[in-house]
Amino acid sequence: LSLLNVLAFQSLLDAATGDLDAARRGAATVAAGYGRLGDVAEEFASLRQLASVEMRAGDLAAAARALDAAAAAARRMGGES
């Protein structure tokens, strides 16, 4: 597993155990990392995870920003937004 995969799983674990700050940091780091690598599918998945964490944390504006970024990634993949 790559370091980004490990960080992605850690973010999921953090979210599941209620550590939303750590989950947020992890998901954002993973999304940025995959974005730098050009792995748009994984960037999209990480941004969706980040949006989920933000919704659970009650930060709907941050969730909307993450979903907007995920939609942009989907368009780069050639998917529908």
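Side chains included, hydrogens not; waters and symmetry mates left out as well; all remaining heavy atoms used. Because the structure is a prediction, the values reported are computed rather than measured.
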Discussion item. Within this structure, what is the CG-CD distance for the pair Asn5 and Gln10, rounded to the nearest 0.5 Å?
Written reply: 13.0 Å
Worksheet item: Do you know the tightest heavy-atom contact between Leu47 and Ala70?
Response: CD1-N, 3.7 Å
Worksheet entry | Over all atoms of both residues, closest heavy-atom pair of Glu54 and Ala62 | CD-CB, 3.5 Å
Discussion item. Quick check: is Val30 connected to Leu37 through a chain of hydrophobic side chains (ILVMFWY, heavy atoms under 4.5 Å apart)?
Written reply: yes
Item to complete: Could you check Asp21 against Arg24 for salt bridge (Lys or Arg N to Asp or Glu O under 4.0 Å), going step by step and ending with a plain yes or no?
Response: CA-CA 5 Å; Asp21 288 335; Arg24 176 185 292 122; 2.9 Å; yes
Discussion item. Using the rule that Ile, Leu, Val, Met, Phe, Trp and Tyr join whenever any side-chain heavy atoms are under 4.5 Å apart, tell me whether Leu67 and Leu50 fall into a single cluster.
Written reply: no
Worksheet item: Do Arg56 and Val53 have side chains that get closer than 4.5 Å, going by heavy atoms?
Response: no
Worksheet item: Nearest heavy-atom pair of Gly33 and Leu4: which atoms, and what distance?
Response: C-CD1, 3.8 Å
Fill in: Smallest separation among heavy atoms of Met55 and Ala63, with atom names
CG-CB, 3.5 Å
Practice prompt. Over all heavy atoms of both residues, which pair between Ala23 and Ser11 is shortest? Give the atoms and the distance, please.
Written response: O-OG, 2.8 Å
Response to the item:
Note: Gln49 and Ala15 closest approach over all heavy atoms is NE2-CB, 3.9 Å
Fill in: N/O donor-acceptor pair under 3.5 Å between Ser46 side chain and Glu42 backbone
yes
Discussion item. What's the separation between atom OG1 in Thr17 and atom CG in Leu12, rounded to the nearest 0.5 Å?
Written reply: 10.5 Å
